[in-house]
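Scroll down for the structure; my scribbles are underneath it.
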Amino acid sequence: MNIKAAKLFKGILAFAATLLILYGVRILWQNYSITMPLNKELMSINGVQSVVVDKPTKVHEPINIAISLSSVSNFPKTYTKINEKVVQALKGKAYEIDINGNETEELENLYSDISLYVEKSLIDGSFPSLVEKSQELAETVDSVANISIDDKYIYIHIAKGDNALYKLVSRQSEGR
Amino acid sequence: MIMKHKEIIIGLAAGIAVFLAMIGIDILPLIFFIGFATALYFITGGQLIKVKNISVKEGKKESLISFDDIGGQEVAKNELCEALEFIKNNDKIKSMGIRPLKGILLNGPPGTGKTLLAKAAAQHTNSVFLSASGSEFVEMYVGVGAKRVRQLFDQAKQAARKLNKHSAVIFIDEIEVLGGKRGQNHSHQEHDQTLNELLVQMDGISSDDDVKVLIIGATNRSDMLDSALLRPGRFDRIVKVDLPDKKGRAHILKLHTRNKPLSPDVDIESIAKDTFGFSGAQLESVANEAAILAMRENSQLITSVHFKNAIEKVMMGEKLDRLPCADEKKRIAVHESGHALVGELLFPNSVASVNVASRSNALGYVRNTQEDDMFLYTYDYLKGRIAVSLAGAIAEEVLIGSRSTGASSDFQHASDLARHIIYGGMSELGIISTEDLPKDKLHETISSILRDIEKSTLELLNKNIEILQRITEELLDKETLSGDELRALISKKAA
């Protein structure tokens, strides 16, 4: 092997080793500083079945946290708890929470009907009629619809038997 | 170190850049900045960005020099060796409570072997040797010189630790550049800071240091040095490195000819005799030039003739192709014959050669030699030397009937010698105060001395006019006469 080839080999080796080390360190760091603390904190909340943290490939991308909930009696309260724990664990990093239940097609169709009233209430503020209409529509398919509203979100919890659908609609237009 | 593994550094940098790009960090400004910095570096040749480190040369094994390799400086060597014993026997000096020597100043004319002595000192004490020149500390930016002094001391200590040595010798050549009197320099703020830093660093040396640092400074202008540098505790010893005496010259010549093929007719002692006033460097040049002349002639051995020509070359410069016209050549021959004849008559065996071949600024010349080195001059000796100086012009007058401008430097030399007679209290004025002697009186006395000697020299030449003519003819014929040939001509006529 001549000197030039040896130097080229050394350079490529240094390049590959650098990438390997930096990625390795990044994966370890993400595991120990994000995934593990998040899992630990969120699993301690009642109703949380599983947590999947989708680590971002780019530094500016938000961390995507997919949470599966079992049937919870008070969705807004559970969500507030989840949000508090995430903020605490991520210490200012950007994140997105995706709440999943065990939806059926029937519940999805029901939500589709309700969403028209959600959109309407966001425009004209007719939240009491949203609650009323939602419950009416749910009753037609033997389901229960719990609609809660705070200053940020509209919390929609539709349940039929063991199945449940959770939706969180932001009241700010850009959040929708 | 960085340049040695640059491919790894490039690979590393590329890896980091790709990683940053892949995790979404915009590296374009970084690339632009690095590109700009690199362009600036190459445009300015690296001067604008980095402050150049002092170039320090570390003694290499093959270039190590011992005191045995240095000839003709016995006194300096002994004095230096004695000073160096303090470094070698550190435990002993500690028990006696002796403060370690911090610096040794080697003072002497150029080419006398000061650098060699410093290298030998490092070898003698088994120390790390670092050398720097005083001018390397001079910079227009304030603080850079001082930084370099600190760097030099740090480098010496680090190098010693790396090589498991307990002492380091820092040699600063031409130290007057760095250590000149403070407050006199144009950019004196920077200059003074550099010197102050050297003084501070020298003050910081103690016998408890794990690496003992000894500074050896070399200068031929010790009068220019700042007094703070010369006080005890800085340069404790001042070692005078003088021009070598005859014995020293022979030793130096032996050292420089030991790797050269010498003909059996080469007598080192006689070459040493012929080279009075030569420095070690000039003697080395003589040996080298002799070898070059031998090579030019395709000779296998270096003969005494090569050495004679080498001495003349080193003393007078290379032979020139300048050819004077016949009349001028005759005048030159007469002039040089006059010098040679009077020289030989007044100081027997003193002429080494007479030449009418041009070298450097001289159209012709007489090379003198003497049996022993002289350090004191008597009245008769000085008078004799004046007579030899004037003899050229007087010979022209005797044989050609007129004088020429070729004797002006001879007259200058004669006047200087006459001044020596007056200042030595040997003239008719008796003992005089050199400062209080009026110029007119000095001129009058010099003229009187020269006039008297001119008269006696004229008589001497008139008495030996036949010999003078014969020498002139021989010289015109051969261009060069050796001392022996000249003496043979004189004795032939005398007989």
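Chain naming here is simple, since letters A, B, ... match the order of the sequence lines and numbering starts at 1 in each.
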Problem set entry | Which portion of A:Ile12 sits near chain B, non-hydrogen atoms under 4.5 angstrom | neither
For this session: Could you pull out all residues at least two apart from B:Arg296 that satisfy side chain to side chain contact (heavy atoms under 4.5 Å, CB included)?
Result: B:Ile292, B:Leu293, B:Lys313, B:Glu318
Problem set entry | Contacting region of B:Ile16 [heavy-atom separation from chain A under 4.5 Å] | both
For this session: For chain A, find which of B:Ala14, B:Ala13, B:Gly15 contributes the most heavy-atom pairs closer than 4.5 angstrom.
Result: B:Gly15
For chain B and chain A, give me every donor-acceptor pair shorter than 3.5 Å, distances to one decimal.
{"unit_1": "B:Ile23", "atom_1": "O", "unit_2": "A:Val59", "atom_2": "N", "d": "2.6"}
{"unit_1": "B:Gly24", "atom_1": "O", "unit_2": "A:His60", "atom_2": "NE2", "d": "3.3"}

For this session: State which residues pass side chain to side chain contact (heavy atoms under 4.5 Å, CB included) with A:Pro37; sequence neighbours excluded, sorted by chain then number.
Result: none
Problem set entry | ring pair (Phe, Tyr, Trp, His ring centres under 6.0 Å) against B:His124, all qualifying residues, sequence neighbours excluded | B:Phe67
Seminar exercise, completed: Ranking B:Ile23, B:Val18, B:Leu12 by heavy-atom pairs under 4.5 Å to chain A gives rank one to B:Ile23
